[in-house]
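Here the structure is laid out as structure tokens; the discussion comes afterwards.
A, B, ... follow the sequence lines: proteins, then strands. Residue 1 opens every chain. Values below: all heavy atoms of this structure, side chains included; hydrogens, waters and symmetry mates excluded.
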Amino acid sequence: MAQDKKFVEEITPMDQDFTQWYTDVIKKAELVDYSSVRGCMVIKPYGYAIWENIQKELDYRFKQTGHENVYMPMFIPESLLQKEKDHVEGFAPEVAWVTHGGSEQLTERLCVRPTSETLFCDHYKNCIQSYRDLPKLYNQWCSVVRWEKNTRPFLRTLEFLWQEGHTAHATAEEAQEETIRMLNVYAEFCENVLAIPVVKGQKTEKEKFAGAKATYTIEALMHNGITLQSGTSHNFGDGFARAFGIQYTDKSNQLQYVHQTSWGVTTRLIGAIIMVHGDDSGLVLPPRVAPIQVIVIPISQHKEGVLEKASEITARLSGIVRARMDDSDKTPGWKFNEYEMKGVPLRLEVGPKDIEKGQVVLVRRDTREKVFVPMDELETRVPELLDEIHKNLLEKATRLRNEKTYTAVEMSEFRRIIETTPGFIRAMWCGDRACEDAIKEETGATSRCIPFDDNERVSDKCVYCGKEAKTLVYWGKAY
RNA sequence: CGGGGUGUAGCGCAGCUGGUAGCGCGCUUGGUUUGGGACCAAGAUGCCGCAGGUUCGAAUCCUGUCACUCCGACCA
């Protein structure tokens, strides 16, 4: 017990201080390190491996939907950034500028990309002439820089890794289809790979992307009731095309502007994984992105035959899952705690007693349930268990999300919920920007989205002004 | 950009009524251990964030500065 206490002290309990808990977990689990550059982070091997798995799963889905990867420069000439008015206004406050090359001052300063719309547009202008050149379905994996004031590992850093899809289409309908298609890809990915349930919906005018005609979003709810915008998909209409002159000749020899989209997710998703699934013992990783899915721990490894058996099992499992053995000379108890902290979904213990009985012990990270499995059933039982863990994590997260989703008809209720039990607040809105601004001013909550799958009219009146309500909005405090 | 906090060994901290640096963890070596963070022994590790100043003498007092971090406003 005394030792339990000592261990627990290393990670601040969630209920006591969620922010400190988050910081403790990312450091103890060796996901990141702070760097000497303000607001930037070192993503360590264990953290980067999660990102690689996210990339692999997403990239597969992008290819399946016809997209190709490209790479654009990381610098944008100021004049290029200036071309779309709303866009530059949205990003100007947070771009980093390169003013010198070596010791020479540049004649035109370059911004370090905060996003690459302008570069893609500049390129599309050159390579799109005919309807035969459409659609262009490009994606790029890269990092971008936004000079944020307040940073937090994974959730907000000066530089972050992401993917940005940029597409150009012949018609408005096609562009809209693409926008929704990719939003659905994100939502499906979050649920089936990250075990994170999301609310899909449209952003209000106030919250939409700088330069977009419409922005769609997936919103997730963290353990502490704070919402996290986890991915966005934008329909640009022909706004950028007009600003950049991206035109093609259609079948009837008419010049037309293209219709564009863009969509992205970032390393922020790792923050979401931590804050949705984690507990007071540390990380709980969804099996499908866990760098190690099964950790094999030999017990009494100095005894004859134990290491050999453990290696053999690891080798067998490595063919079907991401398995690793820890045969370091730490004690088993130390290893148990270590891999729990790191969120490894399944622990496999094998010791002299097990070898005698022809079995191993499997322990789930999510429920800590212990099962004895005959050695010859490992190849079927391990993948089954990993699937069960995924299912359980998604169910648990969905339950929590539902519990923390409230409805407010009056502002008094709205305020009480925000102050006492943060989460999603379903409330009607008149569509007036002034009400949205006022709600944010008074409560700190912002409109997260106008949901697709929930159009209940919980009231006839706007929760703020009492005038006729247009639509249901999900509100919440956001990271 | 406003408000707090912190800079001393790899990490967490003590030392701050001035006298030249210590504890715990970790690390190295050897041995005993090993089914929930083992034990013994012997080691190694410091521009006390940086720059001035006061003083015979500064981790300690004064001034400035930088960095990180947390909370707000802005944003993925």
Side-chain angles (χ1 to χ4, degrees), chain A residues 1-11 17-20 22-24 27-28 30 33-41 89-95 114-115 143-164 186 203 206-207 209-210 215 217-220 227-234 262-272 281-282 297-303 306-307 326-341 347-355 360-361 363 368 370 372 440-441 444 446 477-479:
Chain A
M1 200 59 212
Q3 281 173 344
D4 275 5
K5 193 165 162 250
K6 184 184 147 213
F7 169 62
V8 168
E9 276 168 3
E10 291 188 14
I11 296 178
D17 183 346
F18 193 83
T19 303
Q20 192 58 49
Y22 180 80
T23 308
D24 288 348
K27 283 171 91 175
K28 301 287 177 198
E30 299 186 288
D33 217 341
Y34 290 105
S35 77
S36 49
V37 187
R38 179 193 81 84
C40 293
M41 61 177 171
E89 276 175 17
F91 283 100
E94 54 185 42
V95 294
T115 178
S143 74
V144 290
V145 169
R146 298 182 188 178
W147 217 261
E148 302 286 354
K149 304 279 196 287
N150 214 356
T151 60
R152 196 192 301 253
F154 290 121
L155 301 177
R156 178 164 300 107
T157 45
L158 288 202
E159 181 188 10
F160 56 91
L161 301 178
W162 80 345
Q163 105 352 260
E164 47 179 328
Y186 287 155
K203 287 285 186 189
K206 173 181 164 72
E207 297 289 332
F209 180 82
T215 290
T217 178
I218 49 171
E219 299 283 327
T227 65
L228 189 74
Q229 178 174 308
S230 304
T232 47
S233 187
H234 316 288
S262 91
W263 27 274
V265 297
T266 76
T267 34
R268 173 179 261 197
L269 285 175
I270 298 174
S281 301
I297 299 180
I299 308 291
S300 301
Q301 63 188 36
H302 60 289
K303 292 198 178 149
V306 172
L307 265 185
D326 185 346
D327 61 352
S328 68
D329 56 8
K330 301 282 191 198
T331 63
W334 189 92
K335 293 176 190 174
F336 295 167
N337 284 304
E338 176 71 8
Y339 292 101
E340 272 170 23
M341 192 157 66
R347 177 171 85 230
L348 189 156
E349 302 170 22
V350 56
K353 285 185 239 166
D354 303 308
I355 294 173
V360 300
V361 182
V363 186
R368 293 169 200 266
K370 216 174 224 194
F372 297 90
K440 182 173 181 188
E441 176 72 25
T446 50
K477 282 198 173 183
Y479 271 111

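- As the counterpart of U17(B), no nucleotide is assigned, since no Watson-Crick or G-U wobble pattern has both distances under 3.5 Å.
- Of the C1' atoms belonging to G19(B) and A58(B), the separation is 10 Å, rounded to the nearest Å.
- Taking only distance into account, the side chain of Arg347(A) meets the base of G36(B) through a donor-acceptor pair shorter than 3.5 Å.
- Nucleotides G18(B) and G12(B), compared at atom P, are 29 Å apart to the nearest Å.
- The side chain of Arg38(A) lies closest to C68(B), out of G35(B), C68(B), C74(B).
- Using a distance-only test at 3.5 Å, with no hydrogens or angles considered, a donor-acceptor pair links the side chain of Thr227(A) to the main chain of Lys477(A).
- Across the strands present, A38(B) finds its partner in U32(B); the criterion is a Watson-Crick or G-U wobble pair with both atom distances under 3.5 angstrom.
- Using Watson-Crick or G-U wobble geometry with both donor-acceptor distances under 3.5 Å, G7(B) finds its partner in C66(B).
- Residues Trp147(A) and Val95(A) form no side-chain contact, since every pair of their non-hydrogen atoms from C-beta on lies 4.5 Å or further apart.
- At whole-Å resolution of the value, CD in Glu89(A) and P in C75(B) are 13 Å apart.
- Taking the P atoms as reference points, G53(B) lies 15 Å from A59(B), given to the whole Å.
- For G22(B) and U45(B), the P atoms lie 13 Å apart once the distance is rounded to whole Å.
- The listed nucleotides are G35(B), C71(B), C1(B); the one nearest the side chain of Arg152(A) is C71(B).
- Between U69(B) and C62(B), the two C1' atoms lie 26 Å apart (nearest whole Å).
- Taking the ring centre of Tyr479(A) as origin, the terminal cationic atom of Arg156(A) falls outside the region bounded by 6.0 Å and 45° from the ring axis.
- Figure legend. G72(B) is base-paired to C1(B); pairs are counted as Watson-Crick or G-U wobble with both atom distances under 3.5 Å.
- Contact check for Pro352(A) versus Val306(A): side-chain heavy atoms found under the 4.5 Å cut-off.
- Ranking G36(B), U69(B), G35(B) by closeness to the Thr151(A) side chain, first place goes to U69(B).
- For Thr331(A) and A38(B), the shortest distance from a side-chain N or O to OP1 or OP2 is below 4.0 Å.
- Base contact: Leu155(A) has a heavy atom under 4.0 Å from a base atom.
- Comparing the P positions of U65(B) and C27(B) gives a spacing of 41 Å, expressed to the nearest Å.
- Across all strands shown, C27(B) is found opposite G43(B) as a Watson-Crick or G-U wobble partner, with both distances under 3.5 Å.
- Considering only side-chain atoms of Ile299(A), the nucleotide from G35(B), U69(B), C75(B) that sits closest is G35(B).
- Between the Thr215(A) side chain and the Lys203(A) main chain, no donor and acceptor come within less than 3.5 Å of each other.
- Distance from the side chain of Glu148(A) is smallest for C75(B) among the nucleotides C75(B), G36(B), U69(B).
- Across all strands shown, G57(B) forms no Watson-Crick or G-U wobble pair with both distances under 3.5 Å.
- Put simply, CD on Glu340(A) and CD on Glu338(A) are 10.5 Å apart, with the number rounded to the nearest 0.5 Å.
- Neither OP1 nor OP2 of C71(B) sits under 4.0 Å from any side-chain N or O of Lys477(A).
- Separating the P atom of C23(B) from that of A44(B) is a span of 13 Å, rounded to the nearest Å.
- The residue from Lys27(A), Lys28(A), Gln20(A) that alone fulfils the side chain to side chain donor-acceptor pair (under 3.5 Å) condition with Asp24(A) is Gln20(A).
- Across the protein-nucleic acid pair, Glu349(A) atom CD and G36(B) atom P stand 8 Å apart, rounded to whole Å.
- Annotation: G26(B) and A38(B) have their P atoms spaced 9 Å apart (nearest Å).
- Ranked by how close their nearest RNA chain B nucleotide is to the 5' end, His302(A) and Trp162(A) are led by His302(A).
- A close approach under 4.0 Å does occur between a side-chain nitrogen or oxygen of Lys440(A) and OP1 or OP2 of C74(B).
- Under 4.0 angstrom from either OP1 or OP2 of C71(B) there lies at least one side-chain N or O belonging to Thr19(A).
- Residue Val265(A) is classed as having no contact, given no heavy-atom separation below 4.0 Å to the nucleic acid.
- Among the nucleotides G12(B), C74(B), G72(B), the one closest to the side chain of Arg156(A) is C74(B).
- With RNA chain B read from its 5' end, the first of the two nearest nucleotides for Cys40(A) and Phe372(A) is the one closest to Phe372(A).
- Phosphate contact (OP1/OP2 of C27(B), side-chain N/O of Lys330(A), threshold under 4.0 Å): present.
- Rounded to an integer number of Å, the gap from CZ of Phe18(A) to P of C71(B) is 12 Å.
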